[in-house]
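One structure is given here, and the rest of the page talks about it.
Both ligands and their constituent atoms are indexed starting at 1 by order of listing.
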Amino acid sequence: MKRQNENRTDYDAVIVGAGFSGLYMLHSLRESGYSVKVYEAADGVGGVWYWNRYPGARCDSESIYYNYTFSKDLYKEWSWSSRFASQPEILEYLNFVADKFNLRSNIQFGTHVTSAQFNEHCNSWQITINGEETIQSKFFITGVGCLSTANVPQFEGIDQFKGDCYHTSNWPIEGVDFEGKRVGVIGTGASGIQSIPIIAKEAEHLTVFQRTPQYSVPAGNHPYHGTFNKQVKSSFENLRDTMRHSDSGTGIPPGNRSALEDSPEKREEIFEQAWEKGSLYLFNTYNDLMVNADANETVCRFIRNKIDEIVEDTKVAEMLKPTYYYGTKRPVLDTDYYETYNQDNVSLVDVKANPIKKITTKGIQTTAEEHELDIIVFATGYDAITGTLLKMDITGRNGLSLYDKWAGGSTVRTYLGLAMNSFPNMFTITGPESPSVLTNMPISIEQHVEWIRDFIVYMDEHNIDVAEAEDEAEKNWSQHCREIAEKTLFVHTDSWYNGSNIDGKPRGFPLYLGGVESYRKICADIANNVYEGFSLRSFSK
Ligand code: NA7
């Protein structure tokens, strides 16, 4: 039987964030009898889905996969309206979850965790909120997401612009009216590619400032009908088990042979079918696309040919053709992205050839010319994976800050992406060096949450006060992650995966590429082996 708050802390666990991670962590721990508090900066639940309200914001995992699977009731009660849910619908879903499990009573909204410090005398965390109030908790758990700190490039003159500026990651709730406006969008990642076709429909003129062209594939979005929803719900257990034991966390089957085994004609046919199916089917056609440059080039050529077919102006088509290895930046799904460049009111500017020099009062000045604008949209992405954790003032044992431990990001090291040496009783849901963004997030989140909950229950049942990842275990895990990554093409491309999208950010590859199933097995084996790699300490008797 668990000991309820024997440490006389305010809570057994404090969780940061009320997105997919924080909500399920709260529910799991509370169901196990713990006292829990969630602090959330926004005024509502949702995490990244609370803030990402830009036009066209949509999930790139299929709806039937992108939800919780811990509750059959929940799965049966909720019905998605289309194959790729829009941001408002996902936000509605997370509100539905919060209501169904009565989660709001344990969440304090509008609250920033400004620092967290491990207190070695009482073996608990001291967590300061909004810079003023300090709370004590035995466990400190972050559910801050991997994409939650905006990257706002510090262009000279950024404050001088007389028009309006927006960042896709922090969009005004009331929306933005583009009607009759000259709009500039900087960035062609998923956020740019989703919003550009919608903005182009409204704006008088849209200028896209592109640094790196992206491979984008039609999502193939369509409404879900009642019969489909019924079928999916009736195969809930199958679907859940498939997702949980797959590499990607989805039900999309991975390729089972090399792209180079097929004749060019056969390959073309396979690629064409996958293109028609949409979603991530193209990415999953062959099993060596991410490890063999020649295999990868076959799919790159296929997409470049599609760009040629779709985009009427040959010069623009050339500018839109990427050269990096397909899939080594996060694959993007779109609705009419390349088609948008056939509109008369849309122009494309190559800011790799002619970089943005500054923002002027009237618009954007590249090294070639000035573009006059009424609105600038920054679709410039995030300081991903480590950014939000590094920004929080977290201090572990012996006064070691997380920032110093990771040397500002150049030596990111964790154990399983879940815990860190010198930071006892702290857990990071989908933290660096876990599968996280390379998988279907809700499935990876559930695996982390359930593993953390089981560990906490185990500690309780065995009178363990402190659990801390061992230095050696952490070193080995980091090395394992690096070794896997180095066998792939991922490490050869500049991307937010490796931090090269942010000026001055040290480059690394803080992700586990071994897939959901093998990661789940590793974590389970560690737990079965009495939490191997953790030092477990008792002080109470
Ligand atoms: P991304 O994918 O990081 O895209 C950001 C885009 O902004 C990308 O095209 C960048 O070019 C561009 N960028 C960033 N900084 C600059 C500067 N200084 N000048 C010009 N262009 C710049 O972020 P998103 O928000 O689109 O998507 C993030 C994830 O959210 C996405 O993968 C989904 O998982 C959901 P670059 O490629 O770095 O040259």
- Message: As a quick check of understanding, evaluate side-chain contact (heavy atoms from CB on, under 4.5 Å) for Glu202 and Asp177, giving each step before the final call.
- Response: CA-CA 8 Å; Glu202 271 186 50; Asp177 184 6; 4.0 Å; yes
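With rounding to the nearest 0.5 angstrom, the CD1 atom of Ile196 is 13.0 Å from the NZ atom of Lys201. For the atom pair Phe84 CZ and Gln194 CD, the distance stands at 10.0 Å (nearest 0.5 Å).
The closest non-hydrogen atom to atom 12 (C) of ligand 1, taken over Gly187, Ser495, Ala57, comes from Gly187. Scanning Ala379, Cys146, Cys59 for the heavy atom closest to atom 6 (C) of ligand 1 points to Ala379.
The closest approach between Phe209 and ligand 1 stays at or above 4.0 Å for every heavy atom of the residue. Taking 4.0 Å as the cut-off, Lys329 counts as a neighbour of ligand 1 on heavy-atom distance. Within the structure, ligand 1 lacks Thr168 among the residues with a heavy atom less than 4.0 angstrom away. Residue-ligand proximity: Asp503 is placed with every non-hydrogen atom at 4.0 Å or more from ligand 1. Within the structure, ligand 1 has Thr188 among the residues with a heavy atom less than 4.0 angstrom away.
Ion pairing of Lys391 with Asp383 is absent here, as no side-chain N (NZ or NE/NH1/NH2) approaches a carboxylate O to less than 4.0 Å. Taking 4.0 Å as the cut-off between side-chain N and carboxylate O, Lys357 and Glu370 do not count as a salt-bridged pair. Comment: Asp494 does not engage Lys329 in a salt bridge, judged by the lack of any side-chain N to carboxylate O separation of less than 4.0 angstrom. A salt bridge is absent between Lys315 and Glu318: the closest approach of a Lys/Arg side-chain nitrogen to an acidic carboxylate oxygen does not fall below 4.0 angstrom.
Among protein heavy atoms, atom 30 (O) of ligand 1 sits closest to Leu147 CD1, 3.6 Å. Among protein heavy atoms, the minimum distance from atom 4 (O) of ligand 1 is reached at Gly189 CA, 3.4 Å. The closest protein non-hydrogen atom to atom 1 (P) of ligand 1 is Trp496 CD1, 3.8 Å. Protein heavy atom in closest approach to atom 26 (O) of ligand 1: Ser191 N, 2.8 Å.
Residue Arg211 has at least one nitrogen or oxygen atom sitting less than 3.5 Å from a nitrogen or oxygen atom of ligand 1, judged on distance alone. Remark: ligand 1 and Ala190 share an N or O pair separated by less than 3.5 Å (distance only, no angle test). Between Arg330 and ligand 1, a contact under 3.5 Å exists for at least one N or O pair. For a threshold of 3.5 Å applied to N or O pairs, the pair formed by Pro153 and ligand 1 contains no separation below that value. At least one N/O-N/O distance between Thr212 and ligand 1 falls below 3.5 Å.
The closest side-chain donor-acceptor pair between His205 and Ser347 falls under 3.5 angstrom.
His480 meets the ring-ring contact (aromatic ring centres under 6.0 Å, His included) test with Trp477, Tyr512; sequence neighbours excluded. Partners of Glu446 by side chain to side chain contact (heavy atoms under 4.5 Å, CB included), not counting sequence neighbours, listed by chain and number: Tyr24, Tyr68, Thr69, Phe70, Arg244, Ile443, Glu450.
Near Ile186, meaning under 4.0 Å from one of its heavy atoms, ligand 1 places the atoms 20 (C), 21 (N).
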